[in-house]
Peer 1: 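Following this message is one structure expressed as structure tokens.
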Amino acid sequence: MAISSESKLSEILEDERAVAIIDEYVPGFVSNPELGPVKGMKMKTLLKFPQTGLSKDVVNEICSRLDALDA
């Protein structure tokens, strides 16, 4: 399965390359026990939540890196 910013969080969590990218920008995000209810959401959507504290530029950078994994 190809991983991208359009992948669901549950798919991202199964790919160590994607987990490493997310952890680089948001340490501890992928190990947060409260992620259960949002595992079916697209990563691109989750990154835009204000709770992440990420700027638009950082969200775009993460998405670009995820999109490049299996391009």
Side-chain angles (χ1 to χ4, degrees):
M1 172 186 308
I3 294 295
S4 74
S5 61
E6 296 291 329
S7 298
K8 294 178 182 178
L9 176 59
S10 60
E11 298 164 340
I12 295 286
L13 294 174
E14 293 176 6
D15 188 296
E16 62 187 45
R17 302 168 304 156
V19 167
I21 291 170
I22 303 301
D23 246 3
E24 186 178 325
Y25 294 92
V26 189
F29 176 80
V30 295
S31 61
N32 186 330
E34 297 177 8
L35 291 178
V38 297
K39 284 189 176 178
M41 294 183 74
K42 292 180 181 180
M43 195 68 218
K44 188 176 201 173
T45 302
L46 288 173
L47 291 172
K48 293 179 181 178
F49 280 17
Q51 293 90 331
T52 65
L54 300 173
S55 70
K56 184 178 179 180
D57 290 338
V58 170
V59 169
N60 289 338
E61 187 174 332
I62 293 170
C63 289
S64 292
R65 289 184 63 191
L66 289 173
D67 293 342
L69 285 175
D70 292 318

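For the single chain, residues carry numbers from 1 onward in sequence order.
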Peer 1: Closest approach of V59 and L54, non-hydrogen atoms and distance?
Peer 2: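 Closest heavy-atom pair between V59 and L54: CG2-CB, 3.8 Å.
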Peer 1: Show me the side-chain donor-acceptor pairs of residues 22-32 shorter than 3.5 Å, one per line, residues at least two apart or across chains.
Peer 2:
unit_1, atom_1, unit_2, atom_2, d
D23, OD1, G28, N, 3.2
E24, OE1, R65, NH1, 3.1
E24, OE1, R65, NH2, 3.3
E24, OE2, R65, NH1, 3.1
Y25, OH, E61, OE2, 2.5
Y25, OH, R65, NH1, 3.2
S31, OG, G28, O, 3.1
N32, OD1, E34, N, 2.8

Peer 1: Quick one: side chain to side chain contact (heavy atoms under 4.5 Å, CB included) partners of E6, sequence neighbours excluded?
Peer 2: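 Counting only residues at least two positions away or on another chain, E6 forms a side chain to side chain contact (heavy atoms under 4.5 Å, CB included) with S4, K42, K44.
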Peer 1: To check you understand the geometry: which heavy-atom pair defines the closest contact between L9 and M43, and what is its length?
Peer 2: CD1-SD, 3.9 Å
Peer 1: In chain order, what residues pass the side-chain hydrogen bond (donor to acceptor under 3.5 Å, both in side chains) check against D67, with sequence neighbours excluded?
Peer 2: S5
Peer 1: Quick one: which residue pairs count as a salt bridge (charged side-chain N to carboxylate O under 4.0 Å, His left out) with a foot in residues 51-60, not counting sequence neighbours?
Peer 2: none
Peer 1: How close do M41 and L46 get, heavy atom to heavy atom, and via which atoms?
Peer 2: SD-CD2, 3.8 Å
Peer 1: Do I12 and L66 come within less than 4.5 Å of each other through their side chains, counting heavy atoms only?
Peer 2: yes
Peer 1: Nearest 0.5 Å please: distance from the CD1 atom of I21 over to the CD1 atom of I3.
Peer 2: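 So the CD1 of I21 and the CD1 of I3 are separated by 10.0 Å.
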Peer 1: Which residues pass the side chain to side chain contact (heavy atoms under 4.5 Å, CB included) test with S64, sequence neighbours left out?
Peer 2: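 Listed in chain order: nothing, the list is empty.
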